[in-house]
Colleague: 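Handing you a structure now.
If you read the sequence from its start, that first residue is 1, and numbering goes on from there.
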Amino acid sequence: MVALEIMLFLLPFAAYGIWLAAQRRVVIDGENWKSAPIAWLAVGGLVLVALGLGALVLAHQGPTAGRYVPAKVENGQLIPGHFEK
């Protein structure tokens with residue numbers, strides 16, 4: 001889960017690097033990175049991390065009323081997990 005947030009944070013920096021490469025202005029010593037709008041890239045990364053965390057929260061919401069009974073096998077039949085009231 002932490003890897004997802006790190007990836008989302010680094011995504012704007014990677015997009016900027018790809019954009020520089022597409023413009024054919026990338027220098028091996030990284031001189032162009034010194035003039036990069038680092039603050040804006042960091043803010044963009046933090047926004048993506050916040051959106052990713054929000055998506056995880058929404059994805060984990062579900063029918064949680066009651067007690068969860070895990071899936072099990074009875075008499076050769078799979079009984080899926082479910083919530084009991």
Colleague: Please enumerate all residues that pass side chain to side chain donor-acceptor pair (under 3.5 Å) together with Q77, with sequence neighbours excluded.
Modeller: none
Colleague: For a quick test of reading the model, state the closest non-hydrogen atom pair linking L8 to L48 and the distance between them.
Modeller: CD1-O, 3.4 Å
Colleague: If the test is side-chain contact (heavy atoms from CB on, under 4.5 Å), which one of L46, L56, L10 qualifies with E5?
Modeller: L56
Colleague: Can you list the residues that meet the side-chain contact (heavy atoms from CB on, under 4.5 Å) rule with V43, with sequence neighbours excluded?
Modeller: V47
Colleague: Which heavy atom in G45 sits nearest to a heavy atom in P12, and how many Å separate them?
Modeller: N-CG, 3.3 Å
Colleague: Tracing side-chain links under 4.5 Å among I, L, V, M, F, W and Y, which residues wind up in one group with L78?
Modeller: V73
Colleague: Can you list every pair that meets salt bridge (Lys or Arg N to Asp or Glu O under 4.0 Å) and has a residue in residues 70-80, with sequence neighbours left out?
Modeller: K72-E74
Colleague: Any link between F13 and M7 through a network of hydrophobic side chains (Ile, Leu, Val, Met, Phe, Trp, Tyr) touching at under 4.5 Å?
Modeller: yes
Colleague: Working to the nearest 0.5 angstrom, can you tell me the gap between H82 NE2 and Y68 OH?
Modeller: 9.0 Å
